[in-house]
Colleague: 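There's a structure below that I have some questions on.
Everything numeric here is computed off the predicted structure, so don't read it as measured data.
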Amino acid sequence: MPKAYLLSIYQETKDADAVAAYAKLALPAIQAAGGIFLARGMPAAVKESGKMERTVLIEFADLASALAVYDSPAYQEALLALGTNAVVRDMRIIEGV
């Protein structure tokens, strides 16, 4: 069974305090679901339509685990801390090859 990856690409950060509150809750929620942070932070370079904003790459054992983390109660609590206007981001879950 191939591994799966959650990729979160921030387009705009409007409230850094809300992002920090979210991160404090999201990190343990993702790790409890088996997520391993492979990369997070500002990009070294951006190309084409990219923006110089935070990017996060998380590895999971399988697709089911990656999909389940988003709906977990612990991650939903993190999303509440983030609120609805703190960031604009694109989050994708993809299966490895």
Colleague: Check whether Thr13 reaches the backbone of Ala16 with its side chain - one donor and one acceptor, N or O, closer than 3.5 Å.
Modeller: no
Colleague: Output every pair passing salt bridge (charged side-chain N to carboxylate O under 4.0 Å, His left out) with a member in residues 67-90, not counting sequence neighbours, ordered by first then second residue.
Modeller: Asp90-Arg92
Colleague: Test side chain to side chain contact (heavy atoms under 4.5 Å, CB included) on Leu27 and Arg40 and set out the steps.
Modeller: CA-CA 11 Å; Leu27 177 70; Arg40 61 181 174 198; 3.3 Å; yes
Colleague: If Ile, Leu, Val, Met, Phe, Trp and Tyr residues are connected whenever their side-chain heavy atoms lie under 4.5 Å apart, and connections chain through other members, are Ile94 and Ile9 in the same group?
Modeller: yes
Colleague: Look at the side-chain heavy atoms of Ile, Leu, Val, Met, Phe, Trp and Tyr, link any pair under 4.5 Å apart, and say whether Leu82 and Met91 land in one connected group.
Modeller: yes
Colleague: For a quick test of reading the model, state the closest non-hydrogen atom pair linking Ala26 to Ala78 and the distance between them.
Modeller: N-CB, 3.6 Å
Colleague: Side-chain heavy atoms nearer than 4.5 Å, only ILVMFWY residues, links allowed to pass through others: does that put Val56 and Val46 together?
Modeller: no
Colleague: Can you establish whether the number of heavy atoms outside Met42 located under 6.0 Å from its atom CE is more than 12?
Modeller: yes
Colleague: What distance separates Ser49 OG from Gln11 CD, expressed to the nearest 0.5 Å?
Modeller: 9.0 Å
Colleague: How far apart are the C-alpha atoms of Val88 and Lys14, what are their side-chain angles, what is the distance that settles it, and do they pass the side chain to side chain contact (heavy atoms under 4.5 Å, CB included) test?
Modeller: CA-CA 8 Å; Val88 176; Lys14 301 176 183 180; 4.0 Å; yes
Colleague: Parallel under 30°, tilted from 30 to 60°, perpendicular over 60°: which one fits the rings of Tyr70 and Tyr75?
Modeller: tilted
Colleague: Consider side-chain contact (heavy atoms from CB on, under 4.5 Å). Of Glu53, Met52, Arg54, which one does Pro43 pass it with?
Modeller: Met52
Colleague: Is Tyr10 reachable from Phe37 through a run of hydrophobic residues whose side-chain heavy atoms are each under 4.5 Å from the next?
Modeller: yes
Colleague: How long is the span from the CG atom in Leu63 to the CG atom in Leu6, to the nearest 0.5 Å?
Modeller: 11.0 Å
Colleague: Return the minimal non-hydrogen interatomic distance between Ala74 and Ala29, and the atom names on each side.
Modeller: CB-CB, 3.6 Å
Colleague: Let me see the working for Leu7 and Thr55 under side chain to side chain contact (heavy atoms under 4.5 Å, CB included), right down to the final yes or no.
Modeller: CA-CA 7 Å; Leu7 180 62; Thr55 302; 4.1 Å; yes
Colleague: If I compare all heavy atoms of Leu25 with all of Ala81, which pair ends up nearest, and what's the gap?
Modeller: CD1-CB, 3.8 Å
Colleague: Spell out, yes or no, whether Leu79 and Leu67 are grouped together once hydrophobic residues are joined by side-chain heavy atoms under 4.5 Å, including indirect joins.
Modeller: yes
Colleague: Could you please spell out the steps behind the side chain to side chain contact (heavy atoms under 4.5 Å, CB included) verdict for Leu38 and Tyr5?
Modeller: CA-CA 10 Å; Leu38 300 179; Tyr5 301 88; 3.8 Å; yes
Colleague: Do Asn85 and Asp15 come close enough that some side-chain heavy atom pair is under 4.5 Å?
Modeller: no
